[in-house]
2 protein chains.
Amino acid sequence: MKLSSKSRYAVMALADIASFNKNKPVSLRDISLRQNISLVFLEQIFSKLKKNNIVKSIRGTNGGYVLSNDPNQIKLSSIFLAVDEKVKQVQCKKESKKGCNGKSSKCITHYLWDELELYINDFFNKKNLGDLLKKNLETRTET
Amino acid sequence: MKLSSKSRYAVMALADIASFNKNKPVSLRDISLRQNISLVFLEQIFSKLKKNNIVKSIRGTNGGYVLSNDPNQIKLSSIFLAVDEKVKQVQCKKESKKGCNGKSSKCITHYLWDELELYINDFFNKKNLGDLLKKNLETRTET
DNA sequence: CTAATCTTGACTATTTTTGTCGGGTATATA
DNA sequence: TATATACCCGACAAAAATAGTCAAGATTAG
């Protein structure tokens, strides 16, 4: 049970933009170097982030990406939604006529996974990019 | 971000034993039929559950498995531990000298994933097999 | 004995993840 | 206007993880 690298990179990259952003667009190349993430993979990820309006792109020389919103307005759940991270995929299919296990309508554990899904989504809904930067600043000054 | 089938099946199978158990061992064959899970796969799973003392085995005709403890004593976290389900695997390696991203000591998102891990583990620690049976009984009587 | 059941390790097919490759297109700046 | 720096996009591919299968036993009730 883990997050995909895609999602993890997305959060890292956005946090990078948020902290290095001096009102200038941040290029994927810079992010790639700073965060040690493959440039071409980043392009894939940012294509989705852009489609979902998490970032805006500026083309051409000195171009790059900027956040569409204040970091405090960008919830982790929006980011994950953008890059197709799903909590609990099609394990217990709601639509299937056959039910979870192909027999009874709902398997014994059905409600448990529902509950877990809600629980985790709650976490992602409550956290935003701003929280992340704050937290990181705190721990830096601690050491 | 999802649970493996192995873990899901483990919980389903144990819940099955807990509900059909009339002080007699429950055979994997019966579980396989009732829950629609491959028998041979169940064997793999129960091998681990037995090693971790979640169930006891009784060999021979009319044999099967029984729970080692009262369902209320069996936490989901123990079950997942037994079948090697891990929340947040080795994404941000704690031991690595190179740090999470191969550069700085800890990546920007390090504390976030730590927090998420604790959060989810908390859920699994608080839930036990008994809760699951109770919940299932409730919803049955509702309909 | 024999049928039912657990025991174990090796093997394999499928799916998902994590990218790469190769071509674009847009734009700032010299 | 030429050029370098960026974003843009779809197809492809290697690697890892998942979800099993297969085969050959060992135990025990009846």
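Note that this is a predicted model, so its numbers are computed, not measured.
- Here the P atom of nucleotide D:dT21 and the CD1 atom of B:I37 are 12 Å apart, to the nearest Å.
- Atom CD1 in A:I45 sits 6.5 Å away from atom CD1 in A:I37 (nearest 0.5 Å).
- A single hydrophobic cluster is not seen to contain both A:M12 and A:L133; linkage of ILVMFWY side chains at heavy-atom distances under 4.5 Å, directly or through other members, places them apart.
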Criterion salt bridge (charged side-chain N to carboxylate O under 4.0 Å, His left out) on B:D131 and B:K135, from CA distance to verdict: CA-CA 6 Å; B:D131 295 333; B:K135 183 86 187 176; over 6 Å; no

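- In terms of modelled atom types and a separation under 3.5 Å, the side chain of B:S68 and the main chain of B:N53 share a donor-acceptor contact.
- Rounded to an integer number of Å, the gap from NZ of A:K48 to C1' of C:dT17 is 11 Å.
- Nucleic acid contact class of B:F46 (heavy atoms, under 4.0 Å, all strands): none.
- Rounded to the nearest 0.5 angstrom, A:K6 NZ and A:K48 NZ are separated by 4.0 Å.
- Sequence order on DNA chain C of the closest nucleotides to B:R29 and B:K51 puts B:R29 first from the 5' end.
- As a whole-Å value, the separation of A:K24 NZ from D:dA6 C1' is 15 Å.
- Here the side chain of B:N121 pairs a donor or acceptor atom with the backbone of B:E117 at under 3.5 angstrom.
- Atoms CZ and OG1, from B:R8 and A:T109 in turn, are 6.5 Å apart once rounded to the nearest 0.5 Å.
- Considering only side-chain N and O atoms, B:K6 lies nowhere under 4.0 angstrom from the phosphate OP1 or OP2 of D:dA19.
- Comparing C:dT18, C:dC6, D:dC7 against the side chain of B:S57 picks out C:dC6 as the nearest.
- Taking only side-chain nitrogens and oxygens, A:Y65 never comes nearer than 4.0 Å to OP1 or OP2 of D:dA6.
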Footprint string (nucleotides 20-30 of chain C, 5' to 3'): B base within contact, S backbone only, - free, heavy atoms under 4.0 Å: BB---BBBBS-

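- Summarising the geometry, the separation between CZ on A:R8 and P on C:dG19 is reported as 9 Å, rounded to the nearest angstrom.
- The separation between B:E85 atom CD and D:dA19 atom P is 9 Å, rounded to whole Å.
- With rounding to whole Å, A:K50 atom NZ is found 11 Å from D:dC7 atom P.
- Taking atom CG of residue A:L42 and atom P of nucleotide D:dC9, one finds them 16 Å apart after rounding to whole Å.
- The distance from atom CD1 of A:I17 to atom P of D:dA6 is 14 Å, rounded to the nearest whole Å.
- At C:dT18, one or more side-chain N or O atoms of A:S5 fall inside 4.0 Å of OP1 or OP2 (strictly under the cut-off).
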